[in-house]
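Below is one structure, written out as structure tokens, with a few remarks after it.
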Amino acid sequence: MKIVRFFHPTNNEYKLGLVQHQQVIDLTIATNGAVTSLVELMTKLEEAPDFLNQAAQAAGSLQYTYQELDREPNAEHPYLVAPVDPVEVWACGVTYKRSMEAREKESNNSCIYDKVYHAVRPELFFKATGARVRGPQQTLGLRNDSTWMVPEPELGLVIDSSLKVVGFTIGNDLSCRDIEGENPLYLPQAKMFRDACSIGPAIMLTESVE
């Protein structure tokens with residue numbers, strides 16, 4: 001099952017939606033306000049694993065088409081936002097051999113990336129605070145001191161406070177490859193800047209993945 005979040009400008013509210021067959025069920029209304037966030041949804045699912053099916057049956061006509069919500073933010077119509085409101089985002093680096101080889105070449109054949117790629121301990125770095133995360137159809141930020149910024153599609157893990165993976169989503173780890181290539185210690189500058197991270201549009205709950 002896929003979960004999305006969307007903002008309703010008329011009511012000035014963030015809402016949680018269940019995606020079914022290109023329709024989005026407003027869980028905030030379908031559950032009489034019992035579910036307004038992913039944390040509340042996870043609590044309900046622990047209490048009643050069939051909770052989402054029950055909510056979908058009770059929703060009736062409380063639905064949007066996915067196309068209605070998948071649009072640029074505006075003040076007149078509801079629109080998708082990042083599917084989770086994270087406290088912070090962390091990322092793993094040099095996870096593919098191709099990535100290791102490209103970064104070694106960009107950094108004048110430094111062997112540091114080879115060591116990271118083959119090490120037992122993964123490279124983890126802080127990517128963004130929640131306020132720096134962008135959602136679907138939102139504009140990402142660019143650094144004015146970089147001439148080579150690239151999107152990096154990522155598989156995102158949605159982790160709760162007990163470190164349990166509750167879902168999967170898509171991320172864009174925007175990176176300044178020229179800054180990192182100049183010196184690997186410049187990684188924070190290459191990775192962390194305003195609006196350099198996007199998440200979404202949806203979360204696939206772990207129980208839906210075979």
Side-chain angles (χ1 to χ4, degrees), residues 1-7 12-17 19 27-28 35-46 73 79-96 99-100 103 112-113 116-117 119-146 149-177 179-180 183-209:
M1 291 185 177
K2 294 181 181 179
I3 301 297
V4 296
R5 284 175 73 233
F6 59 98
F7 181 70
N12 196 32
E13 291 180 331
Y14 287 94
K15 295 174 173 287
L16 206 65
V19 181
L27 291 174
T28 308
V35 171
T36 61
S37 70
L38 187 63
V39 173
E40 292 173 346
L41 176 60
M42 291 300 104
T43 300
K44 289 293 183 181
L45 287 174
E46 288 181 0
Y79 55 87
L80 293 175
V81 295
V84 63
D85 186 15
V87 176
E88 55 191 38
V89 178
W90 287 76
C92 300
V94 199
T95 50
Y96 297 95
S99 173
M100 179 268 290
R103 278 166 168 75
I112 187 172
Y113 294 99
V116 170
Y117 179 73
V120 175
R121 181 188 292 272
E123 178 196 15
L124 297 175
F125 60 89
F126 182 73
K127 175 62 185 178
T129 60
R132 290 181 169 87
V133 171
R134 308 294 279 169
Q137 303 285 356
Q138 291 185 295
T139 303
L140 292 177
L142 299 174
R143 291 188 67 114
N144 59 15
D145 58 348
S146 172
M149 284 165 282
V150 297
E152 296 188 9
E154 309 284 359
L155 171 65
L157 306 182
V158 182
I159 302 173
D160 66 13
S161 59
S162 65
L163 302 183
K164 176 184 176 182
V165 177
V166 299
F168 305 92
T169 189
I170 300 298
N172 182 358
D173 170 21
L174 188 62
S175 298
C176 300
R177 297 284 284 270
I179 293 178
E180 182 182 358
N183 188 325
L185 293 179
Y186 293 163
L187 181 69
Q189 298 174 64
K191 294 284 190 178
M192 291 184 288
F193 47 95
R194 185 184 302 171
D195 302 333
C197 176
S198 67
I199 294 177
I203 294 173
M204 177 71 76
L205 298 180
T206 52
E207 55 261 34
S208 302
V209 180

* By ring pair (Phe, Tyr, Trp, His ring centres under 6.0 Å), which residues pair with Phe126, not counting sequence neighbours? -> Trp90
* Structure fact -> d(Ile203 CD1, Ile170 CD1) to nearest 0.5 Å is 11.5 Å
* Side chain of Arg5, backbone of Val81: donor and acceptor closer than 3.5 Å? -> no
* For Ile112, does the CD1 atom have more than 12 heavy-atom neighbours from other residues, nucleotides or ligands under 6.0 Å away? -> no
* To do: Tell me, please, which residues at least two apart from Phe125 pass ring pair (Phe, Tyr, Trp, His ring centres under 6.0 Å).
  => none
* Asked: Is Asn172 reaching over with its side chain to a backbone N or O of Pro153, donor-acceptor style, under 3.5 angstrom?
  -> no
* Structure fact -> OG1 (Thr95) and CD (Glu123) are apart, to the nearest 0.5 Å, by 9.0 Å
* Going by heavy atoms in the side chains, are Thr169 and Val84 under 4.5 Å from each other? -> no
* Any side-chain heavy atom of Phe168 within less than 4.5 Å of one from Leu155? -> yes
* In Å, rounded to the nearest 0.5 Å, how long is the span from CZ of Arg134 to CG of Asp195? -> 4.5 Å
* Please tell me if the side chains of Asp145 and Ile179 come closer than 4.5 Å, counting only heavy atoms from C-beta onward. => yes
* Structure fact -> For Pro201 and Val4, the nearest pair of non-hydrogen atoms, with its separation, is O-CG1, 3.6 Å
* Could you check if a side-chain atom of Cys176 sits within less than 4.5 angstrom of a side-chain atom of Tyr186, using non-hydrogen atoms only? => no
* First locate atom CD of Glu152, then atom SG of Cys197, and finally report the distance between them rounded to the nearest 0.5 Å. => 11.5 Å
* Is there a side-chain contact between Leu45 and Met42, using heavy atoms and a 4.5 Å cut-off? -> yes
* Asked: Is there a donor-acceptor contact under 3.5 Å from the side chain of Arg143 to the main chain of Gln189?
  -> yes
* To do: Step through the shown structure and confirm whether more than 12 heavy atoms of other residues, nucleotides or ligands are within 6.0 Å of CZ on Arg177.
  => yes
* To do: Find out whether Val133 and Asp85 are in side-chain contact, i.e. whether some heavy atom of one side chain is under 4.5 Å from a heavy atom of the other.
  => no
* Structure fact -> Those residues at least two apart in sequence (or on a different chain) that pass ring pair (Phe, Tyr, Trp, His ring centres under 6.0 Å) with Tyr117 are none
* **Spacing of CG belonging to Leu185 relative to CD belonging to Glu180, to within rounding of 0.5 Å** => 10.5 Å
* Minimum side-chain heavy-atom gap Ile3-Leu16 below 4.5 Å -> yes
* Has the side chain of Lys127 got a donor or acceptor atom that lies under 3.5 Å from a matching backbone atom of Leu174? -> yes
* Asked: Do Lys191 and Asp173 have side-chain heavy atoms sitting under 4.5 Å apart?
  -> yes
* To do: For Phe193 and Gly141, work out which heavy atoms get closest and say how close.
  => CE1-O, 3.4 Å
